[in-house]
Undergrad: 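If you scroll down you'll find the structure; I have some questions about it.
As the structure is a computational prediction, the values presented were derived from the model and not from experiment.
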Amino acid sequence: MASSLKYLLIFDFDETIVNENSDDCVVQAAPNQELPDWLASTIQDGFYYQYMQKMLKYLGDKGVKLAELRSVYEQIPLSPGMPNLFRFLMNKQDRFEIVLISDANVFGIESSLKAHGFHSLFRKIISNHTKVEKNGYLSLEPYHAHTCPNCPASMCKRKIVTEYLAERSKDGVTFEKVMYVGDGANDFCPSVLLTATDVAFSRKNYPMHQLIQKEQQKGTFQAKVVPWDSADLVRDYLQELLNKS
């Protein structure tokens with residue numbers, strides 16, 4: 001008997017899995033939880049990763065240890081309903097393949113997920129590369145290069161989703177549906193790949209949702225849209241989907 005096709009479920013991290021922007025939380029590890037003005041003034045639109053590189057170097061220079069950075073990430077609260085959704089998915093891993101695509105960084109994401117006990121849920125975590133240097137500093141490099149004019153320099157999620165689906169197809173894996181849970185403008189970019197059988201779970205009143213609404217008005221957005229303010233709504237939708245299948 002043929003195995004039932006899985007659903008591919010893709011999650012963003014910042015302001016989706018966690019209820020804050022994890023990059024912005026790193027300031028909590030700084031002396032007096034403050035950064036110097038010269039550092040903040042280096043932020044360039046689309047090149048946020050370069051600012052994060054400078055911030056991590058600054059924190060290292062100030063003697064901030066890796067354990068202190070990890071602790072900051074571990075304490076970022078999950079979004080409303082997210083623990084319930086993840087507990088539900090832990091018991092349904094035969095039906096879902098779950099990946100995380102984020103323009104944050106691998107160290108922060110893994111620290112958070114391990115602290116909350118949900119790291120094993122994800123088949124793959126795709127994010128900006130981090131490594132611990134010989135001097136103990138955490139360094140960051142962009143995930144890849146791309147030519148998308150709408151995305152930050154470090155990551156185009158549309159390119160990543162396209163490549164992931166192609167890679168899985170080579171493995172002989174096809175998905176009954178692709179479902180995407182996100183909030184930001186860089187989550188809108190991959191959502192335009194979704195077809196009429198797929199689902200975009202866009203966080204209510206966040207940029208992804210607003211951009212989708214504009215496309216819907218033009219009649220050009222194909223996927224079913226399920227807005228959420230609590231991940232309980234995502235869980236309920238997935239439960240109903242499994243009940244029907």
Side-chain angles (χ1 to χ4, degrees), residues 4-17 79 81-82 85-86 88-89 92-93 95-104 121-127 143-144 146-152 155-245:
S4 57
L5 288 173
K6 279 192 176 188
Y7 300 110
L8 177 62
L9 190 53
I10 302 167
F11 281 89
D12 168 51
F13 184 69
D14 289 328
E15 297 185 285
T16 296
I17 291 176
S79 291
M82 203 55 68
L85 170 58
F86 282 173
F88 164 80
L89 289 169
K92 303 280 188 290
Q93 291 189 69
R95 300 305 311 278
F96 295 98
E97 179 165 305
I98 305 170
V99 297
L100 194 162
I101 306 175
S102 166
D103 196 28
L121 197 55
F122 295 88
R123 179 180 181 268
K124 198 165 187 182
I125 292 169
I126 299 168
S127 190
Y143 177 73
H144 63 180
H146 65 84
T147 54
C148 177
N150 303 315
C151 283
M155 176 172 286
C156 171
K157 295 184 180 185
R158 189 192 317 202
K159 182 179 180 186
I160 291 169
V161 171
T162 302
E163 288 170 354
Y164 187 83
L165 290 170
E167 173 196 313
R168 296 303 279 142
S169 179
K170 272 189 196 162
D171 296 338
V173 178
T174 51
F175 299 104
E176 193 168 331
K177 279 182 193 297
V178 177
M179 297 181 274
Y180 193 108
V181 188
D183 75 286
N186 68 343
D187 298 311
F188 170 71
C189 189
S191 74
V192 299
L193 290 172
L194 302 177
T195 67
T197 56
D198 300 329
V199 184
F201 293 103
S202 51
R203 193 167 185 177
K204 276 182 198 169
N205 304 319
Y206 279 71
M208 178 190 184
H209 185 50
Q210 291 159 348
L211 289 164
I212 285 174
Q213 286 177 313
K214 283 183 188 167
E215 288 300 306
Q216 285 178 313
Q217 284 162 7
K218 291 188 227 164
T220 51
F221 195 81
Q222 294 185 59
K224 179 175 177 62
V225 180
V226 179
W228 62 279
D229 46 14
S230 163
D232 288 335
L233 293 166
V234 180
R235 184 197 59 185
D236 293 346
Y237 186 91
L238 297 178
Q239 180 64 73
E240 205 166 303
L241 191 64
L242 293 183
N243 290 347
K244 287 180 192 163
S245 62

Undergrad: Taking the side chain from Thr220 and the backbone from Glu215, do they hold a donor-acceptor pair closer than 3.5 Å?
TA: yes
Undergrad: Is a side-chain N or O of Arg203 found less than 3.5 angstrom from the main chain of Glu15, in a donor-acceptor match?
TA: yes
Undergrad: Please list, chain by chain and in numerical order, all residues satisfying salt bridge (Lys or Arg N to Asp or Glu O under 4.0 Å) with Asp12, sequence neighbours excluded.
TA: Lys157
Undergrad: Could you go step by step and tell me if Phe11 and Leu89 meet the side chain to side chain contact (heavy atoms under 4.5 Å, CB included) rule?
TA: CA-CA 13 Å; Phe11 281 89; Leu89 289 169; 4.0 Å; yes
Undergrad: Who passes side-chain hydrogen bond (donor to acceptor under 3.5 Å, both in side chains) against Arg168, sequence neighbours left out?
TA: Glu97, Asp171
Undergrad: Using 30° and 60° as the class boundaries, would you call the ring planes of Phe188 and Phe221 parallel, tilted or perpendicular?
TA: parallel
Undergrad: With sequence neighbours excluded, tell me which residues meet side-chain hydrogen bond (donor to acceptor under 3.5 Å, both in side chains) with Gln93.
TA: none
Undergrad: Can you name the residues that form a side-chain hydrogen bond (donor to acceptor under 3.5 Å, both in side chains) with Asn205, not counting sequence neighbours?
TA: none
Undergrad: Once you round to the nearest 0.5 Å, how far does CG of Asp236 lie from CG of Leu233?
TA: 6.5 Å
Undergrad: As a quick check of understanding, evaluate side chain to side chain contact (heavy atoms under 4.5 Å, CB included) for Tyr143 and Ile160, giving each step before the final call.
TA: CA-CA 10 Å; Tyr143 177 73; Ile160 291 169; 3.8 Å; yes
Undergrad: Quick check for you: to the nearest 0.5 Å, what is the distance between Lys92 atom NZ and Leu238 atom CG?
TA: 10.0 Å
Undergrad: When you look at Cys148 and Lys159, which way does the side chain to side chain contact (heavy atoms under 4.5 Å, CB included) test go after all the steps?
TA: CA-CA 8 Å; Cys148 177; Lys159 182 179 180 186; over 6 Å; no
Undergrad: Working to the nearest 0.5 angstrom, can you tell me the gap between Glu176 CD and Ser245 OG?
TA: 6.5 Å
Undergrad: To the nearest 0.5 Å, how far apart are OG1 in Thr16 and OH in Tyr206?
TA: 8.5 Å
Undergrad: Checking side chain to side chain contact (heavy atoms under 4.5 Å, CB included) for the pair Ser202/Asp187: CA distance, chi angles, key distance, verdict?
TA: CA-CA 9 Å; Ser202 51; Asp187 298 311; over 6 Å; no
Undergrad: Please name all residues satisfying salt bridge (Lys or Arg N to Asp or Glu O under 4.0 Å) with Lys170, sequence neighbours left out, ordered by chain then number.
TA: none
Undergrad: Quick check against the 3.5 Å criterion: does Asp198 have a side-chain atom that pairs as donor or acceptor with the backbone of Ala223?
TA: no
Undergrad: Quick one: OG1 on Thr197 to CD on Gln222, what's the gap to the nearest 0.5 Å?
TA: 9.0 Å
Undergrad: Applying the side-chain contact (heavy atoms from CB on, under 4.5 Å) criterion to Ile10, which one of Leu194, Val178, Ile126, Ile98 satisfies it?
TA: Val178
Undergrad: Kindly check if the number of other-residue, nucleotide or ligand heavy atoms within 6.0 Å of NZ (Lys214) is above 12?
TA: no
Undergrad: If you round to the nearest 0.5 Å, how far is CG of Leu9 from CZ of Phe96?
TA: 6.5 Å
Undergrad: Does some side-chain heavy atom of Ile125 sit less than 4.5 Å from a side-chain heavy atom of Phe13?
TA: no
Undergrad: Taking only residues two or more places apart in sequence, or in another chain, which ones meet Asp103 in a side-chain hydrogen bond (donor to acceptor under 3.5 Å, both in side chains)?
TA: Asn128, Ser154
